[in-house]
Amino acid sequence: MGMFDGRKVLVLGVANDRSIAWGMAEALHREGAQLAFTYLNEALERRVRPLAEGIGCRNVYPCDVQSDEQLDTLFARLKEDWGTIDGVVHSLAYADKEDLSNRFVNTSRAGFQLALDVSAYSLVAVARRALPLMTDNGGSLVTLTYLGSERVVSNYNVMGVAKAALEASVRYLAADLGEFNIRVNAISAGPIKTLAASGVPQFRDMLSAFAEKAPLRRNVTQDDVANTGLYLLGPLGSGVTGEILYVDCGFNIMGS
Ligand code: NAD
């Protein structure tokens with residue numbers, strides 16, 4: 001018996017097998033969940049589809065979260081194929097590379113809007129469309145954030161601002177959707193080497209500094225995050241909503 005037997009979960013944000021979203025998907029699959037995946041573009045479809053098929057999943061849909069039309073089509077197809085859903089993993093973000101390497105003060109209006117649109121507004125857009133499908137005793141949404149939302153982290157820049165907006169959105173959505181028994185939470189993960197992380201300059205240095213300072217004296221793994229994802233998405237987290245939960249080997253508690 002798996003903890004997610006009979007539950008249907010939509011996973012947004014797989015780019016490859018190193019993606020945090022993929023770690024979550026594998027854990028959910030192990031626990032019996034039925035899964036659906038999205039991919040951003042055709043190049044990524046070539047990576048996502050074989051991964052999904054490898055765990056027996058054929059529900060794979062295109063979705064660029066900047067497009068309302070694609071979001072509408074995604075949820076219309078989910079309604080057709082599944083009827084209802086129980087959970088959503090929102091594990092995606094984007095900012096222009098130069099906005100991560102230049103001084104923050106030079107962030108352009110377009111760069112600011114892009115980072116906020118993809119990385120924060122998309123959670124609101126997804127939650128609104130998931131709501132009418134979460135009719136089987138509610139549901140749970142989990143997103144991914146990072147400490148750069150509340151502390152200044154070198155080279156995180158506009159993405160830190162986007163994560164702050166994302167975390168506030170988690171709280172407002174949790175308050176809005178609680179009456180439908182829909183929970184909304186975020187995992188604040190420590191640095192993990194993924195495609196998105198490779199866009200952050202000096203990421204390797206960040207990894208080693210992190211492992212040195214974190215109480216657990218190591219870096220965070222995909223599995224660490226996935227385990228907490230299971231807790232927040234499933235019955236064990238039934239009373240938890242609006243929270244930003246650190247999965248960072250304790251890094252955030254440390255002073256200088
Ligand atoms: P990743 O590159 O594997 O995943 C990022 C995903 O975002 C990709 O699948 C990409 O296709 C998707 N994406 C980007 N723009 C999109 C758009 N317009 N529409 C739809 N999808 C889009 O990297 P990851 O590290 O697994 O990132 C997942 C989440 O975890 C992100 O929110 C990231 O900020 C967060 N996070 C990562 C770390 C880390 O160190 N890797 C730490 C804390 C939080």
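As the structure lists them, so they are numbered: ligands from 1, and atoms in each ligand from 1. All residue numbers in this chain count up from 1 along the given sequence.
When side chains are defined from C-beta on, Arg204 counts as touching Lys193, because their heavy atoms get closer than 4.5 Å. Looking at heavy atoms from C-beta onward, Leu166 lies in side-chain contact with His90 at the 4.5 angstrom threshold.
Residue Thr145 has at least one heavy-atom neighbour below 4.0 Å for each of these atoms of ligand 1: 43 (C), 44 (C). Residue Gly13 has at least one heavy-atom neighbour below 4.0 Å for each of these atoms of ligand 1: 4 (O), 6 (C), 8 (C), 9 (O). Short contacts between ligand 1 and Ala15, defined as distances under 4.0 Å to a heavy atom of the residue, involve ligand atoms 3 (O), 8 (C), 9 (O). Proximity to Ser19 (heavy-atom distance under 4.0 Å) selects the following atoms of ligand 1: 1 (P), 3 (O), 26 (O). Residue-ligand proximity, Ala93 to ligand 1, at heavy-atom distances under 4.0 Å covers atoms 7 (O), 14 (C), 31 (C), 32 (O), 34 (O). Annotation for ligand 1: atoms under 4.0 Å from non-hydrogen atoms of Pro191 are 40 (O). Every atom of ligand 1 is numbered from 1 in the order shown, and the set under 4.0 Å from a heavy atom of Cys63 is 19 (N), 20 (C). Distances below 4.0 Å separate heavy atoms of Asp64 from the following atoms of ligand 1: 17 (C), 18 (N), 19 (N).
Annotation: cation-pi geometry satisfied between Lys213 and Phe251 (NZ/CZ under 6.0 angstrom from ring centroid, within 45° of ring axis).
Residue-to-ligand polar distances keep Leu44 apart from ligand 1: every N/O pair is separated by 3.5 Å or more.
Other residues, nucleotides and ligands contribute more than 12 heavy atoms inside 6.0 Å of the CZ atom of Arg49. Residue Tyr172 places its OH atom among 12 or fewer non-hydrogen atoms of other residues, nucleotides or ligands, all under 6.0 Å distant. Within 6.0 Å of the CZ atom in Phe112, the count of heavy atoms belonging to other residues, nucleotides or ligands does not exceed 12. The environment of Asp205 atom CG is dense: over 12 non-hydrogen atoms of other residues, nucleotides or ligands sit within 6.0 angstrom.
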Query - Trace of the salt bridge (Lys or Arg N to Asp or Glu O under 4.0 Å) decision for Arg218 with Asp224 - result: CA-CA 12 Å; Arg218 65 171 176 85; Asp224 292 328; 2.8 Å; yes
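With Gln222 contributing its side chain and Ser19 its backbone, the two residues share a donor-acceptor pair below 3.5 Å.
Remark: minimum distance from atom 36 (N) of ligand 1 to any protein heavy atom is reached at Ile20 CD1, 4.0 Å. Regarding atom 29 (C) of ligand 1, its nearest protein heavy-atom neighbour is Ser91 OG, 3.5 Å. Nearest to atom 2 (O) of ligand 1 among the protein's heavy atoms is Ala196 N, 2.9 Å. Nearest to atom 40 (O) of ligand 1 among the protein's heavy atoms is Ile192 N, 2.7 Å. Looking only at protein heavy atoms, the nearest one to atom 19 (N) of ligand 1 is Val65 N, 2.9 Å.
Contact annotation for Leu40 and ligand 1: only side-chain heavy atoms (C-beta onward) come within less than 4.0 Å of the ligand. At a 4.0 Å heavy-atom cut-off, ligand 1 touches Val118 through the side chain alone. When heavy-atom distances to ligand 1 are checked against a 4.0 Å cut-off, Phe37 has no atom that comes that close, whether in backbone or side chain. Counting heavy atoms under 4.0 Å from ligand 1, residue Leu144 touches it through both backbone and side chain.
Under 4.0 Å is where a charged nitrogen must lie from a carboxylate oxygen, and between Arg129 and Asp68 at least one such pair does. Asp176 has no carboxylate O lying under 4.0 Å from a charged side-chain N of Arg171, or vice versa, which leaves the two without a salt bridge.
At least one heavy atom of Lys163 sits less than 4.0 Å from an atom of ligand 1. Residue contacts with ligand 1 leave out Ser122, since none of its heavy atoms falls under 4.0 Å from the ligand. Contact annotation: Tyr39 has no heavy atom less than 4.0 Å from any atom of ligand 1.
Taking CZ from Arg7 and CD from Glu31, the interatomic distance works out to 11.0 Å, rounded to the nearest 0.5 Å.
Taking the six-membered ring for Trp and the full ring otherwise, the centers of Phe37 and Tyr61 sit at least 6.0 Å from each other.
The closest non-hydrogen atom to atom 13 (N) of ligand 1, taken over Val220, Leu92, Thr194, comes from Leu92.
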